[in-house]
*Asks:* 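Before we start, here is the structure in question, set down as structure tokens.
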Amino acid sequence: DAKTTQPNSMESNEEEPVHLPCNHSTISGTDYIHWYRQLPSQGPEYVIHGLTSNVNNRMASLAIAEDRKSSTLILHRATLRDAAVYYCILFNNYGQNFVFGPGTRLSVLP
Amino acid sequence: GAVVSQHPSRVICKSGTSVKIECRSLDFQATTMFWYRQFPKQSLMLMATSNEGSKATYEQGVEKDKFLINHASLTLSTLTVTSAHPEDSSFYICSARDSGTTNTEAFFGQGTRLTVV
């Protein structure tokens, strides 16, 4: 699985948008970009995923660069419940397991 | 949405005893399930891949005789930590993907906090 690079930590104020970056310069054409988050003492939770086009769902938006070498997870209005570790993972249908990097620890300040 | 249920969520056991953790896919079938281990302040590390009807595949450094995996049906995989020691205390997490779709999304259990005393 291709490697991703994320900042170790980020801070946001409550009710403000948060942009979580991820670099994946070695992404292949068949790799999907997945985002998961892990709240304290819980298993990872699916957030969003995409291939080429930007994606929106009820939790977040995913903005994918035109060359696909980077992407940004956007939380439109951070809440205290969004404080978690966010993982950006590349995965394709030929792979088996998800490989987790250190992720980005997001702190949300009231 | 699809759900993976893991049980128990928390267990404390005495050193030398065995502990079984169950992972169930509630509304989909999974020919493959994955077992991860997570130590405090660290990321998830894959331990083994559980294959329905066949032997599990273990990652390098994971003792297959200590971490017994059984995947007897398309909805259930179990991890048994045998002769547990305090260093086995960790957060164990399972995951699965729906074998019936080409969707790449994975679903994770809520995790099992194992404490060996």
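Just the heavy atoms: all of them, side chains too, but no hydrogens, waters or symmetry mates, feed the values below. Per chain, numbering begins at 1; letters A, B, ... match sequence-line order.
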*Asks:* Taking everything shown except Glu87(B) itself, do over 12 heavy atoms lie less than 6.0 Å from its CD?
*Replies:* yes
*Asks:* I need the residue from Gly109(B), Ala106(B), Gly111(B) with the largest number of non-hydrogen atom pairs under 4.5 Å to chain A.
*Replies:* Ala106(B)
*Asks:* So with a 6.0 Å cut-off around NE2 of His76(A), is the heavy-atom count from everything else above 12?
*Replies:* yes
*Asks:* Quick check on Glu45(A) against chain B: is it the side chain, the backbone, both or neither that has a heavy atom closer than 4.5 Å?
*Replies:* neither
*Asks:* At a heavy-atom separation under 4.5 Å, does Pro44(A) approach chain B through its side chain, its backbone, both, or neither?
*Replies:* both
*Asks:* Taking the side chain as C-beta and beyond, is there a heavy-atom pair between Gln42(B) and Phe100(A) under 4.5 Å?
*Replies:* no
*Asks:* Under 4.5 Å between side-chain heavy atoms, counting indirect links through other Ile/Leu/Val/Met/Phe/Trp/Tyr residues: same cluster for Met33(B) and Val19(B) or not?
*Replies:* no
*Asks:* Looking at chain A, which one of Arg10(B), Met45(B), Gln110(B) has the largest number of heavy-atom pairs inside 4.5 Å, strictly under?
*Replies:* Gln110(B)
*Asks:* Should we count CZ of Arg68(A) as having more than 12 external heavy atoms under 6.0 Å?
*Replies:* yes
*Asks:* Between Gln42(A) and Phe91(B), which heavy-atom pair has the shortest distance, and what is it?
*Replies:* O-CE2, 3.5 Å
*Asks:* More than 12 non-hydrogen atoms from neighbouring residues, nucleotides or ligands closer than 6.0 Å to CE on Met10(A), yes or no?
*Replies:* yes
*Asks:* Does Tyr86(A) share a hydrophobic cluster with Ile74(A), counting links as ILVMFWY side-chain heavy atoms below 4.5 Å and allowing steps through other members?
*Replies:* no
*Asks:* Check whether Leu46(B) gets within reach of chain A through its side chain, its backbone, both or neither, counting any heavy atom under 4.5 Å.
*Replies:* side chain
*Asks:* Tell me, yes or no, whether the heavy-atom count around Asp67(A) atom CG, taken from other residues, nucleotides or ligands under 6.0 Å, exceeds 12.
*Replies:* yes
*Asks:* Sub-3.5 Å donor-acceptor pair from the side chain of Tyr36(B) to the main-chain atoms of Phe98(A), do we have one?
*Replies:* yes
*Asks:* With only heavy atoms counted, which part of Gln6(B) is less than 4.5 Å from chain A, the side chain, the backbone, both or neither?
*Replies:* neither
*Asks:* Is it true that a side-chain atom of Tyr87(A) and a backbone atom of Ser43(B) form a donor plus acceptor pair closer than 3.5 Å?
*Replies:* no
*Asks:* Flag yes if Phe34(B) and Ile69(B) sit in one hydrophobic cluster, no otherwise; membership is Ile, Leu, Val, Met, Phe, Trp, Tyr, and two members link when side-chain heavy atoms are under 4.5 Å apart.
*Replies:* no
*Asks:* For the CD atom of Glu105(B) and the CZ atom of Phe91(A), what is their distance to the nearest 0.5 Å?
*Replies:* 11.5 Å
